[in-house]
Amino acid sequence: MAIIETEAALHEAHRDNHTHRDVNGGWLRPAVFGAMDGLVSNLALMTGVAGGAVSHQTIVLSGLAGLAAGAFSMAAGEYTSVASQRELVEAELDVERRELRKHPKDEEAELAALYQARGVEPELAKAVAEQLSRDPELALEIHAREELGIDPGDLPSPLVAAVSSFGSFALGALLPVLPYLLGATTLWTALLLALLGLFLCGAVVAKVTARSWWYSGLRQLALGGAAAGVTYALGSLFGTAVG
């Protein structure tokens, strides 16, 4: 009895500790990319405009225009990209579904061969393939995972990707504009808030990766700062030339 209880406790502990985060979901990548892109692109846009020695009203207008244009562009791009990817996957699933319907024995033999290639004994591989092939939907799921590397029940959503990218881009792009909307008249406050936002975004991203929070934060800070510096220099150069 003690042995059984110990095994049950170990099983419970393993189940509690052996969980994984969702790495295939359709929201994480566009949300992270959108926030970073919103921060970097709008900060670079505003510093480039500011480099041309224009009024702070012009900088604010440029920032708001960059926010709106970028957010809609990101959402449209993500929706189209994910929808196209999903349609391609569904087309391949239809091909596999037709093959299972027209040539069930060939598909069953193909599945058995896959298991044999992974080290399963031929008789056992044949028996497993035969049992799995009795349910057409289960057979489709198994073939999709083994041959295409996808899960038919876990396809990314174009709407989720679009909404995530729109919201995160708008939030990131708002940071450089926010000080101006609150009454600031110089670029430094917007620059400092945006750089702080970049560092925090990088640190948050580290929570779902293997990188340390400070490394990820400093990396984003350096990239965003470099982009802002280059565009400010270009704005100053072109502003002088135009003037």
Side-chain angles (χ1 to χ4, degrees), residues 1-36 74-169 204-211:
M1 179 65 69
I3 294 176
I4 295 176
E5 289 177 354
T6 301
E7 290 179 348
L10 288 173
H11 175 73
E12 188 73 19
H14 177 268
R15 186 184 66 185
D16 292 341
N17 294 323
H18 196 73
T19 57
H20 297 282
R21 293 165 292 197
D22 178 17
V23 297
N24 292 320
W27 66 271
L28 180 60
R29 184 186 64 85
V32 172
F33 180 72
M36 295 297 182
M74 283 287 295
E78 283 294 334
Y79 186 90
T80 303
S81 174
V82 175
S84 299
Q85 178 187 8
R86 186 182 180 110
E87 289 164 2
L88 175 61
V89 169
E90 289 173 345
E92 291 300 314
L93 289 175
D94 286 340
V95 171
E96 191 64 35
R97 190 178 284 108
R98 287 195 299 271
E99 289 299 313
L100 284 168
R101 186 171 60 252
K102 294 179 179 179
H103 309 288
K105 290 300 181 181
D106 291 339
E107 291 295 311
E108 182 181 318
E110 186 178 285
L111 189 59
L114 285 172
Y115 289 135
Q116 289 182 47
R118 295 189 176 183
V120 180
E121 295 181 358
E123 290 300 320
L124 180 57
K126 182 178 179 181
V128 171
E130 181 180 357
Q131 184 173 355
L132 292 175
S133 298
R134 292 173 185 170
D135 183 344
E137 287 304 313
L138 178 60
L140 176 64
E141 181 179 336
I142 297 297
H143 278 275
R145 287 179 175 176
E146 294 292 340
E147 297 177 29
L148 303 176
I150 59 174
D151 183 354
D154 190 28
L155 299 181
S157 166
L159 184 59
V160 170
V163 171
S164 298
S165 60
F166 182 93
S168 58
F169 185 98
V204 170
V205 170
K207 294 295 183 180
V208 292
T209 66
R211 290 290 188 182

### Message
Tell me if a side-chain donor or acceptor on S168 pairs with a main-chain N or O of S164 at a distance below 3.5 Å.
### Response
yes
### For the student: nearest non-hydrogen atoms of S165 and A75, plus distance
OG-CA, 3.5 Å
### Query
Would you find more than 12 non-hydrogen atoms of other residues, nucleotides or ligands less than 6.0 Å from Y115 atom OH?
yes
Please table the atom pairs, donor to acceptor, closer than 3.5 Å between any side-chain atom in residues 117-142 and protein atoms at least two apart or in another chain.
| unit_1 | atom_1 | unit_2 | atom_2 | d |
| --- | --- | --- | --- | --- |
| R118 | NH1 | E146 | OE1 | 3.2 |
| R118 | NH2 | E146 | OE1 | 2.8 |
| S133 | OG | A129 | O | 2.7 |
| D135 | OD1 | E137 | N | 3.2 |
| E141 | OE2 | R145 | NH1 | 3.4 |
| E141 | OE2 | R145 | NH2 | 3.0 |

### Task
Please name the pair of heavy atoms, one in V82 and one in A161, separated by the smallest distance, quoted to 0.1 Å.
CG2-CB, 3.7 Å
Can you list, pair by pair, the side-chain donor-acceptor contacts under 3.5 Å of residues 83-93, counting residues two or more places apart and other chains?
| unit_1 | atom_1 | unit_2 | atom_2 | d |
| --- | --- | --- | --- | --- |
| S84 | OG | T80 | O | 2.8 |
| R86 | NE | E90 | OE2 | 3.2 |
| R86 | NH1 | L155 | O | 3.3 |
| R86 | NH1 | P156 | O | 2.9 |

### Non-neighbouring partners of E147 that pass side-chain hydrogen bond (donor to acceptor under 3.5 Å, both in side chains), sequence neighbours left out
H143
